[in-house]
Amino acid sequence: MDMTEQKSLLPVERGNEQLGGAIASRLPVVLAFPEDRPIVGRDLDTFKEYFGATVAQALAALGIQTHGRWSTIVKKNADLPVDGAIANLVRWYAAHPERFPFGQVDMPTLRLRLSINQDSFAQLFGRRKVAVSHWERKQVKPEPQVQIIAREIDDLLKSYEHQAEQERDGSPRMIVQHLLHKLDEIEQDKGLRSKGEILAAIRETLQMEEQNILVKQEATTRSLDMLHEFMDIAALNSSLIPASPPRRKANPQSLAPSAED
């Protein structure tokens, strides 16, 4: 079945297969550091490996300025406490891995949420269809710039989905609740005597709810518009940059020595 035809979205757990080999086999499912000792230099290496991050990504996430400084902390000062701010960030990201700025986005799920084919998905990242196939089969890890784009799209989708869910599930209930609350106020307000005053009070409540709905719809539309804008940018760049020719496998016959050799 084609992925775009699937409708159920199951929560994706962080699988060890993404990190591969020996590292994956020794990484904990949940990253936790002992609370009876400070964060030390060697913990940063464990931190980096857990998130499947490059050194450059770990540097950016923890605010460490140079590779040399990283090497000093992790190797030379492996058993010494790290800077307090760095220690705070390490424990924070360990407790809330979804906040890690270079977290891995599950590419098959992302494409499913977008409901697009592999060709269109590849275009978003400036890549060929074969790259998408490799990502989805966990054969190749997406490059850092691809991961950045994936996180941007994932954030826009999450914002859109959250707003759409609120608009679909929350607004009608809130309207009814506010109306019932307003009716209770009207019933207790001895100053409202006429039918016109009562209708005016209800009308005011409805107008306020209408304004709230418009604000939510605007936020929902903005996320979707930004997603479409990025798709347009990707399409433009794809049309301007000529596609590289596919690699050709060497012909075994061409590699064989000729009779003249």
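Just so we're clear, the structure is a prediction, and the values are computed from it rather than from any experiment.
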Enter the distance from [X]:[atom1] to [Y]:[atom2] here, rounded to the nearest 0.5 Å.
| X | Y | atom1 | atom2 | result |
| --- | --- | --- | --- | --- |
| Leu124 | Ile153 | CG | CD1 | 4.5 Å |
| Asp225 | Leu156 | CG | CG | 10.5 Å |
| Glu229 | Asp232 | CD | CG | 7.5 Å |
| Leu44 | Lys48 | CG | NZ | 10.5 Å |
| His134 | Arg128 | NE2 | CZ | 11.5 Å |
| Trp135 | Leu110 | CH2 | CG | 10.0 Å |

So, using salt bridge (charged side-chain N to carboxylate O under 4.0 Å, His left out) as the criterion, who are the partners of Asp155 when residues are at least two apart?
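Salt bridge (charged side-chain N to carboxylate O under 4.0 Å, His left out) list for Asp155, sorted by chain: empty.
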Listed by chain and number, what are the salt bridge (charged side-chain N to carboxylate O under 4.0 Å, His left out) partners of Arg91, not counting sequence neighbours?
none
Under 3.5 Å donor-acceptor, Glu136 side chain and Ser133 backbone:
no
Quick check: does any side chain N or O of Gln123 sit under 3.5 Å from a backbone N or O of Ser238, one acting as donor and the other as acceptor?
no
Apply side-chain contact (heavy atoms from CB on, under 4.5 Å) to residues Glu49 and Thr46 and explain how you reach the verdict.
CA-CA 5 Å; Glu49 291 179 354; Thr46 302; 5.6 Å; no
Can Arg113 and Asp154 be said to form a salt bridge (charged side-chain N to carboxylate O under 4.0 Å, His left out), step by step?
CA-CA 9 Å; Arg113 289 162 65 198; Asp154 181 60; 2.6 Å; yes
Please test Ile86 against Ile39 for side-chain contact (heavy atoms from CB on, under 4.5 Å), starting from the C-alpha separation and ending with a verdict.
CA-CA 9 Å; Ile86 294 175; Ile39 299 295; 6.0 Å; no
Applying ring pair (Phe, Tyr, Trp, His ring centres under 6.0 Å), can you list everything that pairs with Phe121, at least two apart in sequence or on another chain?
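If we apply the ring pair (Phe, Tyr, Trp, His ring centres under 6.0 Å) test to Phe121, skipping adjacent residues, the hits are Phe125.
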Who are the side-chain hydrogen bond (donor to acceptor under 3.5 Å, both in side chains) partners of Asp45, not counting sequence neighbours?
none
Which residues satisfy the side-chain hydrogen bond (donor to acceptor under 3.5 Å, both in side chains) test with Glu152, sequence neighbours excluded?
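Counting only residues at least two positions away or on another chain, Glu152 forms no side-chain hydrogen bond (donor to acceptor under 3.5 Å, both in side chains).
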Pair up each side-chain donor or acceptor in residues 64-81 with any protein partner under 3.5 Å, not counting sequence neighbours, and list the distances.
from	atom 1	to	atom 2	distance (Å)
Thr66	OG1	Arg69	N	3.0
Thr72	OG1	Gly68	O	3.0
Asp79	OD1	Arg42	NH1	2.3

Going by heavy atoms in the side chains, are Phe100 and Trp92 under 4.5 Å from each other?
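No, their side chains stay 4.5 Å or more apart.
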Run the numbers on Lys129 and Asn117 for side-chain contact (heavy atoms from CB on, under 4.5 Å), then give the verdict.
CA-CA 9 Å; Lys129 178 181 177 180; Asn117 59 33; over 6 Å; no
Please test Leu114 against Leu157 for side-chain contact (heavy atoms from CB on, under 4.5 Å), starting from the C-alpha separation and ending with a verdict.
CA-CA 8 Å; Leu114 290 169; Leu157 279 175; 3.8 Å; yes
Does Tyr93 have its ring centroid less than 6.0 Å away from the ring centroid of Phe102?
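Not close enough - the centres of the two rings lie 6.0 Å or further apart.
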Salt bridge (charged side-chain N to carboxylate O under 4.0 Å, His left out) evaluation trace for Asp43 with Arg37:
CA-CA 11 Å; Asp43 292 329; Arg37 68 164 176 82; 2.8 Å; yes
